[in-house]
Amino acid sequence: MALNLSQKIGALTTVTPGDQFGTTVRKTSIAQASTPGANLRCRISSPGERDQLTPPLSPCRSPLRTDLEVACRALAADPTAEAFPDVQEHQHLVEMPKGEGVPVYVMLPLDTVRPDGTLNRKKAMWASLMGLKKAGVEGVMVDVWWGLVQKDGPAAYNWSGYTDLMEMAKQVGLKVQAVMSFHQCGGNVGDSVTIPLPRWVVEEIERDPDLCYSDQWGRRNYEYVSLGCDTLPVLKGRTPVQCYADFMRAFRDQFESYLGTTIVEIQVGMGPAGELRYPSYPELDGTWKFPGIGAFQCYDKYMKSSLKAAALSAGKPNWGHGGPTDAGGYNSWPEDTAFFRKEGGGWNGPYGEFFLSWYSQMLLDHGERILSAAFSIFSDRPGVKISVKVAGIHWHYGTRCHAAELTAGYYNTRFRDGYLPIARMLGRHGAVFNFTCLEMRDCEQPGDACCRPEALVKQVAAAAKEAGVRLAGENALPRYDESAHQQVVNAATSGDQDDKMVAFTYLRLNPQLFEYENWRKFVAFVEQMRGGKDRSREVLERKAEQFVQATSPLVQEAGVALMSG
């Protein structure tokens with residue numbers, strides 16, 4: 001999404017001896033800080049997922065318990081301590097029971113691993129993981145950045161920070177969804193850090209800028225290598241797909257002992273923000289703003305060569321010079337353009353059908369190639385799922401042409417299902433269809449933009465079911481309110497046992513999550529997802545309240561540690 005949310009660091013909890021769980025809770029105001037602007041960087045989820053991390057605060061600015069203040073100062077003095085705390089330290093704390101519903105994972109911060117390859121904020125991470133474990137969370141999702149691990153050369157890998165994280169998750173008892181992040185971190189909603197592509201890849205791009213996607217005005221996008229050169233040896237004598245396969249194979253070999261036990265899912269990045277799509281709505285430098293329709297990305301020489309060949313094959317050589325020239329700009333609305341307008345728009349004519357079929361098929365072929373490589377690498381590892389993320393582009397969904405989806409590569413219109421071909425492609429490899437924007441409701445969106453997130457989610461669920469593909473989900477923007485939680489529960493657990501999602505990943509671990517009210521609601525949400533759907537809200541809230549009181553020292557420690565990172 002492109003909506004800028006105003007967030008604040010609110011209240012953490014201060015704990016004193018008391019009730020049957022050994023604590024009573026009162027709120028202590030810590031500080032308030034507005035989030036930075038939206039043009040920071042990294043992974044989006046759908047319409048543009050991603051959160052904005054709060055600027056770090058002084059770790060001991062406000063009154064805390066004496067023991068936590070001492071720990072907080074120690075953290076500030078030695079934030080990279082190597083030793084993990086004893087896993088037995090918090091074992092006495094109450095833990096929320098598991099259920100038979102939908103397991104919940106939590107996305108870790110984008111900067112979980114530092115630019116030097118080491119694990120960031122180890123003490124904060126340990127306390128956070130312990131808190132999530134006690135809350136009944138199944139596991140965590142982490143970006144394994146190509147630009148960090150392999151930044152120094154095509155044969156050089158630095159897994160040190162990720163090794164520490166996997167070991168920490170194993171000790172705590174959490175599972176891991178590992179994202180093979182072959183994209184640049186930066187330029188999209190909630191991107192809070194900048195992680196470029198590997199240096200040696202950037203060097204090749206500098207020599208040949210056509211390795212990047214380009215629009216009709218010559219604007220380059222450096223988030224991801226253009227799929228037009230997937231099979232060409234343009235990266236130090238290797239094709240991009242071979243480079244992705246090398247990375248995944250090295251990951252498999254490095255973490256062999258964790259696969260199937262701690263690491264249970266490999267999400268394969270396939271485009272900007274890790275999603276299978278074109279970079280049609282980049283926010284960097286204000287290029288695109290919600291709810292613009294975006295722009296086609298097919299003007300690098302490799303994409304143009306493919307288009308020319310397709311046009312010649314179709315007997316229409318004049319159609320091979322580029323995309324439609326009357327499709328407006330990034331921030332246009334459908335009816336402002338000749339190509340996307342409702343009546344007589346080119347999208348619904350012979351040329352439009354040819355171009356959109358080629359454009360979307362190129363994306364499907366890209367997914368097929370990378371999934372084939374991933375399947376050959378991980379398919380014989382029991383207990384490891386492969387997944388692919390698809391963006392939830394819900395704006396202009398209520399129009400006939402679905403312009404914003406078309407520019408992103410999803411040939412979905414009122415008269416054509418664009419998600420069934422994607423689902424079938426995933427099904428051929430047994431991959432999970434991961435979709436975003438589960439938390440959104442139609443009534444929350446601007447009506448004039450014809451946003452229909454609820455209908456979009458239902459369409460994708462129907463496509464996955466028809467293709468026999470397992471479905472998983474994420475929220476597109478950070479939400480802590482009960483209405484968003486309930487929307488996710490409804491989308492993820494509706495229908496019979498076969499229709500429920502295989503997992504839900506919550507965006508994201510940050511200090512706001514550990515604020516008292518947010519944490520209480522989150523715990524109730526996890527309990528409901530894990531099997532408490534039929535329980536009354538009152539029962540869930542009461543159970544969550546008891547749990548929050550019992551675990552408040554640990555949660556406060558995690559919140560303070562994250563802010564001081």
Side-chain angles (χ1 to χ4, degrees), residues 210 213-216 221 224-232 239-241 244 268-272 275-281 293-324 327 339-340 346-375 388-391 393 401-429 431 433 435 459-460 463-464 466-467 469:
D210 280 295
Y213 288 112
S214 178
D215 61 25
Q216 63 179 311
N221 186 291
Y224 190 81
V225 177
S226 169
L227 62 80
C229 56
D230 269 356
T231 61
L232 301 176
T239 72
V241 173
Y244 304 148
V268 187
M270 295 192 173
E275 298 164 339
L276 178 64
R277 65 173 176 87
Y278 293 99
S280 58
Y281 50 97
I293 60 175
F296 292 110
Q297 305 292 310
C298 58
Y299 290 88
D300 63 79
K301 67 183 181 183
Y302 303 105
M303 291 289 287
K304 288 172 68 175
S305 176
S306 173
L307 178 59
K308 181 179 180 179
L312 287 173
S313 178
K316 299 287 185 179
N318 290 337
W319 289 355
H321 300 303
F339 187 75
F340 291 121
W347 65 276
N348 204 27
Y351 166 74
E353 182 178 353
F354 160 78
F355 173 78
L356 295 171
S357 295
W358 167 81
Y359 190 66
S360 61
Q361 189 61 49
M362 289 288 284
L363 190 66
L364 289 170
D365 291 346
H366 174 67
E368 190 87 52
R369 285 188 285 268
I370 300 179
L371 265 184
S372 295
F375 185 80
V388 173
K389 184 180 293 186
V390 176
I393 303 175
C401 65
H402 295 228
E405 293 163 89
L406 297 183
T407 58
Y410 306 152
Y411 192 0
N412 189 55
T413 71
R414 186 170 296 181
F415 315 113
R416 187 181 190 279
D417 188 343
Y419 297 101
L420 186 55
I422 296 174
R424 286 173 175 162
M425 183 268 290
L426 299 180
R428 286 193 288 273
H429 302 278
F433 193 136
F435 197 65
Q459 180 186 352
V460 168
E466 182 174 340
V469 172

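Just the heavy atoms: all of them, side chains too, but no hydrogens, waters or symmetry mates, feed the values below.
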Heavy-atom pair of closest approach, residues [X] and [Y]:
{"X": "Tyr302", "Y": "Asp210", "value": "CD1-O, 3.3 Å"}
{"X": "Gly352", "Y": "Tyr411", "value": "O-OH, 4.5 Å"}
{"X": "Val469", "Y": "Ala423", "value": "CG2-O, 3.1 Å"}
{"X": "Tyr351", "Y": "Pro324", "value": "OH-N, 3.2 Å"}
{"X": "Ile293", "Y": "Ala327", "value": "CD1-O, 3.4 Å"}
{"X": "Glu275", "Y": "Tyr281", "value": "OE1-OH, 4.0 Å"}

Heavy-atom check, side chain of [X] versus side chain of [Y], under 4.5 Å:
{"X": "Asn221", "Y": "Ser214", "answer": "no"}
{"X": "Phe339", "Y": "Phe296", "answer": "yes"}
{"X": "Met270", "Y": "Leu371", "answer": "yes"}
{"X": "Phe433", "Y": "Val460", "answer": "yes"}
{"X": "Met425", "Y": "Leu276", "answer": "yes"}
{"X": "Asp417", "Y": "Asn412", "answer": "yes"}

- Query: Yes or no on side-chain contact (heavy atoms from CB on, under 4.5 Å) for Val268 and Ile370, after CA distance, side-chain angles and deciding distance?
  - Reply: CA-CA 8 Å; Val268 187; Ile370 300 179; 3.4 Å; yes
Atom pairs and distances, donor-acceptor, side-chain atoms in residues 313-322, under 3.5 Å, two or more places apart:
none

- Message: Apply side-chain contact (heavy atoms from CB on, under 4.5 Å) to residues His429 and Ser372 and explain how you reach the verdict.
- Response: CA-CA 7 Å; His429 302 278; Ser372 295; 3.3 Å; yes
- Item | Donor-acceptor under 3.5 Å (Arg277 side chain, Tyr410 main chain) |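 The answer is no, because no donor-acceptor pair under 3.5 Å joins these two groups.
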- Query: Distance-only, no hydrogens or angles: does the Tyr359 side chain make a donor-acceptor pair with backbone N or O of Thr407 under 3.5 Å?
  - Reply: yes
- Query: Can you name the residues that form a side-chain contact (heavy atoms from CB on, under 4.5 Å) with Leu227, not counting sequence neighbours?
  - Reply: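 Partners of Leu227 under the side-chain contact (heavy atoms from CB on, under 4.5 Å) test: Tyr213, Asp230, Tyr278, Met303, Met362, Leu363, His366.
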- Task: Take Tyr419 and Gln459 through the side-chain contact (heavy atoms from CB on, under 4.5 Å) test and state the conclusion after the steps.
- Result: CA-CA 8 Å; Tyr419 297 101; Gln459 180 186 352; 3.6 Å; yes
- Hey, mind stepping through Gln297 and Tyr224 against side-chain hydrogen bond (donor to acceptor under 3.5 Å, both in side chains) and telling me if it holds? CA-CA 12 Å; Gln297 305 292 310; Tyr224 190 81; over 6 Å; no
- Query: Atom CZ in Arg416, atom SG in Cys401: separation rounded to 0.5 Å?
  - Reply: 14.5 Å
- Approximate separation, where rounding is to 0.5 Å, of Trp358 CH2 and Cys298 SG: 5.0 Å
- Not counting sequence neighbours, which residues clear side-chain hydrogen bond (donor to acceptor under 3.5 Å, both in side chains) with Ser360? List them please.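 Here no residue qualifies.
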- Task: Take Tyr244 and Val225 through the side-chain contact (heavy atoms from CB on, under 4.5 Å) test and state the conclusion after the steps.
- Result: CA-CA 11 Å; Tyr244 304 148; Val225 177; 3.8 Å; yes
